[in-house]
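All values reported here derive from a predicted model rather than from experimental measurement.
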Amino acid sequence: PQAPPARPESATMGPVVIDTAIWCLRHDPAIEFVMQALNSERYQQLSQMLAAPRIEYEHETGRPLPITLLTGHSQTAMAAADAVLMASGTTTLEALLLKRPMVVVYKMAPLSAWLLRRLVKSKFISLPNLLTGAALVPEVLQDDARADVLGPLVLDALKDISHREQLMAKFDAIHRELARNASERAADALLKLIGL
């Protein structure tokens, strides 16, 4: 028998991101959010996920829910953002190169998480942390991937000016180092990830 198709990442991560955005808006209604859809199919999926929270938020506050859903232009949207909440992956390196403060979140099926914990030896999952060997950006995984955990981290990324400036300096140093030894550093990060 054929295995069922893999559940798209947006099906797992979409509700987490939407709940976190609404948590942040309840603490600071001036924030505006942009969600990036990979393609038109994911755009439709995320639009459906946003429908009920949008109605609930607008009924509760009397204001439109300031979450704009986009498809395409991901780098432009990221570059314009003051902070980024994102799933772990190569886009974390893109955010680092754009010098954007970020909170990295990842949630997967319990069996996949169990297998990954046994196969991957690194304590980090995001490329900024793997490249530096330090907790440069927050990483939130599995059961901790909830609005009440992520929301305060996103607000800190937006509002802690001193930390933002330190982070930008570190990102700039990593960027310069990568430009000098790009292939060696990328290989080193992958080796750390698989525990070799």
Side-chain angles (χ1 to χ4, degrees), residues 8-10 12-51 53-54 57-58 61 63-107 125-132 136-140 145 147 149-179 182:
E9 186 176 86
S10 54
T12 304
M13 298 304 304
V16 173
V17 171
I18 292 166
D19 288 349
T20 301
I22 292 171
W23 187 98
C24 291
L25 287 164
R26 289 193 170 117
H27 290 79
D28 185 348
I31 300 173
E32 294 184 18
F33 288 87
V34 172
M35 284 185 76
Q36 181 67 37
L38 179 65
N39 53 41
S40 58
E41 185 180 352
R42 296 294 164 256
Y43 183 95
Q44 291 301 321
Q45 184 182 33
L46 290 168
S47 293
Q48 291 170 3
M49 287 181 196
L50 267 169
R54 190 180 298 281
Y57 182 86
E58 292 176 2
T61 65
R63 298 186 302 270
L65 180 63
I67 300 178
T68 302
L69 184 57
L70 299 176
T71 184
H73 313 292
S74 62
Q75 192 173 70
T76 303
M78 195 184 300
D82 293 313
V84 184
L85 173 63
M86 63 195 327
S88 178
T90 55
T91 52
T92 61
L93 181 60
E94 189 176 2
L96 181 154
L97 296 175
L98 290 168
K99 300 176 183 63
R100 297 295 87 200
M102 70 188 88
V103 176
V104 178
V105 58
Y106 207 74
K107 191 171 187 175
I125 62 160
S126 68
L127 285 170
N129 293 351
L130 285 165
L131 286 168
T132 59
L136 197 58
V137 300
E139 296 180 351
V140 180
V149 174
L150 292 164
L153 294 171
V154 171
L155 291 185
D156 281 349
L158 284 168
K159 298 184 177 199
D160 188 336
I161 303 302
S162 173
H163 178 69
R164 285 171 66 87
E165 289 173 351
Q166 292 171 23
L167 194 59
M168 297 308 95
K170 289 175 182 173
F171 284 175
D172 187 57
I174 295 168
H175 191 166
R176 282 186 275 109
E177 180 68 20
L178 282 172

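Of all heavy-atom pairs between V104 and I125, the closest is CG1-CD1, 4.3 Å. Here the closest non-hydrogen pair linking T92 and M102 is O-CE, 3.5 Å. Taking both residues in full, the closest heavy atoms of P15 and M49 are given as CD-SD, 3.6 Å, listed atom of the first, atom of the second, then distance. Across all non-hydrogen atoms, the minimal contact from S40 to T71 is N-OG1, 4.2 Å. Minimum interatomic distance between L136 and P128 (heavy atoms only, all atoms of both residues): CD2-O, 4.3 Å. When all heavy atoms of Y57 and P64 are compared, the closest pair comes out as CE2-O, 3.7 Å.
With sequence neighbours left out, the side-chain contact (heavy atoms from CB on, under 4.5 Å) criterion links A169 to no other residue. Every residue was checked against the side-chain hydrogen bond (donor to acceptor under 3.5 Å, both in side chains) condition with Q44, not counting sequence neighbours, and none meets it.
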Given the rule in the side chain to side chain contact (heavy atoms under 4.5 Å, CB included) test, do H163 and D156 qualify, once you have shown the distances and angles that lead to the verdict?
CA-CA 9 Å; H163 178 69; D156 281 349; over 6 Å; no
Pair K159, D28 - check side chain to side chain contact (heavy atoms under 4.5 Å, CB included), show working.
CA-CA 11 Å; K159 298 184 177 199; D28 185 348; 2.6 Å; yes
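The CG atom of L69 sits 8.0 Å away from the CZ atom of R54 when rounded to the nearest 0.5 Å. Here the CZ atom belonging to R26 is positioned 13.0 Å from the CD1 atom belonging to I31, to the nearest 0.5 angstrom. Going from atom CG of L98 over to atom CE of M78 covers 6.5 Å, rounded to the nearest 0.5 Å. Atoms NE2 and CG, on H27 and L155 in that order, are 7.5 Å from each other to the nearest 0.5 Å. Summarising the geometry, atom CG belonging to L93 is positioned 5.5 Å from atom CG belonging to L127; distances are rounded to the nearest 0.5 Å. Atoms CG and CD, on L97 and Q75 in that order, are 9.0 Å from each other to the nearest 0.5 Å.
Put simply, the side chain of Q36 gets close to the backbone of G72: a donor and an acceptor are under 3.5 Å apart.
At a threshold of 4.5 Å between non-hydrogen side-chain atoms, the residues L65 and I22 count as touching. Proximity of W23 to D19: side-chain heavy atoms (C-beta onward) are nowhere separated by under 4.5 Å. Between T61 and P29 the shortest side-chain heavy-atom distance does not fall below 4.5 Å. Using a 4.5 Å cut-off on side-chain heavy atoms (C-beta onward), L96 and V137 make no contact. Residues V149 and V105 form no side-chain contact, since every pair of their non-hydrogen atoms from C-beta on lies 4.5 Å or further apart.
Other residues, nucleotides and ligands contribute more than 12 heavy atoms inside 6.0 Å of the CD atom of E58. For K170, the NZ atom counts as loosely surrounded, since its 6.0 Å shell holds 12 or fewer non-hydrogen atoms of other residues, nucleotides or ligands.
In this structure, D160 does not pair ionically with R164, as no charged nitrogen and carboxylate oxygen lie closer than 4.0 Å.
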